[in-house]
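This report concerns only the one structure given below.
All of these numbers come straight from a predicted model, not from anything done at the bench. When a ligand or atom number is given, it counts from 1 through the structure's own listing order.
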Amino acid sequence: MTDQNQLRSRLLDLDNRSYKAYKGIQGRYEFDDFSLSIDRVQGDPFAAPSQLRVFVPPEIAQFPPQLYQSPSRRVALEDYLTRQFSQVARKLSERRGTGKSGTIAIARVGQEILSRTTVLLHDGEVEARFTVGLPARGRSILGRQAATMLCEVIPEIVETALLFEALDADKIQTWVETNEDADFLRSELKKQNLVAFVANNAILPRKSGVDDRPLAANAVPFQSPPELEVSFTCPNGGKITGMGIPPGVTLIVGGGYHGKSTLLRGIEVGVYNHIPGDGREFVITNPDAVKIRAEDGRSIVGTNISPFINHLPQNRSTEKFSTTNASGSTSQAANIIEALEAGAQVLLLDEDTSATNFMIRDRRMQQLIAKEKEPITPFIDKIPQLYSEYGVSTILVMGGSGDYFDVADTVIALDNFSPYEVTAKAKEIAEQYKSDRAPEGGSSFGDITPRIPKPDGIDPSQGKKAVKLKVRDVDEVRFGGEDIDLSAVEQIVDPNQLRAIASALVYAKTAYIDSKRPLPDILDRVMADITAQGLDVLSRYPEGNFAQFRRFELAAALNRLRTLDVV
Ligand code: ADP
Ligand code: MG
């Protein structure tokens with residue numbers, strides 16, 4: 001008897017038995033066209049569903065090697081197959097009893113193409129990781145339903161979602177070529193000395209604040225100002241033209257509601273690739289660009305914020321600044337310093353989410369409140385040093401203060417969602433109407449001091465469980481007994497990134513955090529291990545819910561852990 005028939009008859013035998021008896025089906029089964037691995041069986045129909053994998057051998061899956069030979073193409077194909085699997089599984093899922101009985105699902109994905117652990121290609125073999133709600137009525141096994149799900153529905157999903165012959169070859173080709181071109185553009189940015197690129201005809205606005213798909217009606221396609229226009233020749237799409245943002249300080253100005261924040265958001269998420277049709281496929285940003293914002297209430301542990309904040313009341317040190325409840329300005333200062341500590345090359349700021357007193361201090365305020373009485377050195381006085389001393393560029397949305405004209409290298413004005421290059425005009429105005437500010441930035445930016453985390457402050461355990469992690473959307477992760485609030489870390493775009501980050505914290509603690517290694521070194525090592533061994537290095541079990549994240553967001557999670565302790 002084949003494994004498939006054996007599994008079927010075992011499931012039929014389990015009919016009406018107590019739910020726990022499902023545990024016995026764990027194992028690997030050879031079906032006609034693929035292997036099915038039942039890795040973890042849920043304890044009851046309401047618990048997190050069971051974890052399964054299928055492995056489809058190359059001679060059955062039949063994907064032409066050109067679709068997965070480069071990492072860009074492989075990641076795109078894996079992404080495409082994840083979406084196919086998800087679609088088919090949703091269609092074939094039905095209610096088959098109590099609780100989650102009958103569901104078949106793969107991790108949800110958004111508009112980004114990210115390396116994930118949902119579908120993995122190994123030399124043409126396709127592995128898919130998904131969950132199944134094993135069916136029951138109350139706590140009694142529904143054996144017949146289970147047999148249908150595992151022995152009929154899953155093979156149907158494999159046949160319709162994971163085999164090349166069943167899929168739209170043109171669409172897959174577009175997927176892999178688009179992703180490859182996006183990666184190419186990102187690698188070309190550095191060579192052409194640019195920090196970001198926004199292709200002509202890009203669609204930046206989204207459907208709504210809670211729907212990340214492109215705005216369909218009345219979206220004004222992006223068109224570069226002629227002065228900033230650059231072109232690239234992509235390996236697949238050929239010549240592509242758009243706006244190149246040079247290094248240094250770039251201001252985005254313009255009236256309210258003219259599209260400033262939308263442009264910046266496009267640039268923020270341009271550190272990731274997007275699916276064909278998203279509108280931002282060729283909005284490409286330096287991969288080390290970090291969004292900065294004010295985040296009052298966050299905790300800060302031992303961060304040297306003295307480049308921005310000094311002489312606090314009660315003589316509190318700002319060279320190793322800690323607080324359980326940061327103000328708008330101190331949180332924004334810490335966010336910048338911590339991004340620099342982690343290796344940020346570009347900072348992205350929006351006045352909408354910045355602390356005013358961190359951004360500006362005009363001539364009149366300088367007269368009223370003496371420098372000695374103001375702990376904050378405003379960002380405007382530090383931006384030029386950031387670039388001249390550390391080579392860190394800034395892109396800043398600033399419709400509210402023309403004082404920034406003095407420090408800008410490039411000024412882009414948005415008018416009715418269309419960008420214009422207005423640098424010369426802004427400089428002329430700055431010349432004509434002097435701000436008469438006294439510069440407050442001192443002779444240099446100041447030190448960026450890498451911190452050395454201690455392992456004790458990182459405790460993922462809760463009760464009897466050595467590791468207890470739970471992710472809520474992209475905003476929060478329960479780490480042992482602590483909630484880490486990441487709602488202000490705006491470049492986490494996918495809950496599966498946060499799942500991987502939580503596991504990476506545990507991994508970093510186990511492997512590298514030892515009260516000796518500085519944080520940048522720890523980040524280097526964790527990211528290098530992921531590059532070499534894949535996201536699976538973060539978990540002892542085959543985890544289907546990981547998506548690639550950046551070192552900056554890993555650091556951000558660690559920095560917001562309220563129990564963090566540093567040497
Ligand atoms: P600002 O930051 O300048 O105040 P926003 O970027 O918040 O403006 O944009 C205001 C509104 O206009 C948003 O609802 C946004 O979705 C929409 N919008 C932005 N860019 C475009 C565009 N290119 N085409 C159509 N609508 C847009
Ligand atoms: Mg805005």
Side-chain angles (χ1 to χ4, degrees), residues 110-112 196-226 228-229 240-245 249-272 274-275 277-285 289-296 328 332 335 346-360 379-380 394-405 408 410-423 425-426 487-491 493:
Q111 293 295 103
E112 303 79 20
F197 173 75
V198 184
N200 290 342
N201 296 316
I203 300 295
L204 299 176
R206 299 293 101 187
K207 259 206 168 70
S208 79
V210 293
D211 188 339
D212 200 33
R213 290 174 299 172
L215 180 67
N218 301 323
V220 176
F222 190 85
Q223 185 63 48
S224 172
L228 294 175
E229 208 159 70
I240 181 160
T241 302
M243 179 176 82
I245 296 184
V249 178
T250 300
L251 288 192
I252 300 173
V253 302
Y257 217 74
H258 278 255
K260 302 183 298 296
S261 297
T262 303
L263 172 57
L264 190 76
R265 181 62 185 163
I267 294 169
E268 285 164 41
V269 296
V271 301
Y272 304 119
H274 291 90
I275 56 171
D278 175 81
R280 301 169 299 186
E281 297 91 311
F282 304 120
V283 179
I284 305 290
T285 305
V290 178
K291 173 68 183 294
I292 300 293
R293 54 169 289 169
E295 188 186 351
D296 53 312
Q332 195 162 357
N335 285 351
V346 184
L347 303 180
L348 309 172
L349 288 84
D350 192 329
E351 62 183 347
D352 289 352
T353 49
S354 290
T356 308
N357 60 345
F358 182 78
M359 300 307 288
I360 45 182
F379 191 56
I380 188 169
T394 305
I395 302 176
L396 170 62
V397 168
M398 180 52 82
S401 169
D403 284 2
Y404 271 87
F405 294 172
T410 306
V411 185
I412 299 164
L414 281 173
D415 184 1
N416 284 300
F417 310 130
S418 292
Y420 299 87
E421 204 271 359
V422 296
T423 313
K425 196 164 175 202
S487 53
V489 181
E490 294 174 338
Q491 287 166 301
V493 293

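Numbered from 1 in the order shown, with element, the atoms of ligand 1 that lie under 4.0 Å from a heavy atom of Ala219 read 24 (N), 25 (C). For ligand 1, the atoms closer than 4.0 angstrom to any heavy atom of Gly256 are 4 (O).
Checked by distance only, ligand 1 and Phe417 stay at 3.5 Å or farther apart across all their nitrogen or oxygen atoms. Remark: ligand 1 and Arg206 share no N or O pair separated by less than 3.5 Å (distance only, no angle test). The shortest N or O to N or O distance between Asp352 and ligand 1 is not under 3.5 Å.
We find that Arg265 and Asp212 are not joined by a salt bridge, their nearest charged nitrogen and carboxylate oxygen being 4.0 Å or further apart.
Gly255 counts as a contact of ligand 1, since one of its heavy atoms falls under 4.0 Å from the ligand. Residue-ligand proximity: Asn218 is placed with a non-hydrogen atom under 4.0 Å from ligand 1.
Note that the OG atom of Ser354 and the CE atom of Met398 stand 6.5 Å from one another [nearest 0.5 Å]. One distance of note links NZ of Lys291 with CG of Leu348; it measures 7.5 Å at 0.5 Å rounding.
Considering only heavy atoms from C-beta on, Asn416 comes within 4.5 Å of His258 through its side chain. By the 4.5 Å heavy-atom criterion applied to side chains, Val253 and Val411 are counted as neighbours.
Scanning Pro221, Ala217, Gly259 for the heavy atom closest to atom 8 (O) of ligand 1 points to Gly259.
At a cut-off of 2.8 Å, Ser261 coordinates the Mg ion (ligand 2) through an N, O or S atom. For the Mg ion (ligand 2), the N/O/S atoms of Asp350 include none lying under 2.8 Å.
When hydrogens are left out, the protein atom nearest atom 14 (O) of ligand 1 is Tyr257 OH, 3.5 Å; that is the closest non-hydrogen contact.
Side-chain contact check for Thr241 and Asn200: no donor-acceptor pair (N or O, by modelled atom type) lies under 3.5 Å.
With respect to the Mg ion (ligand 2), Asp352 has OD2 as its nearest N, O or S atom.
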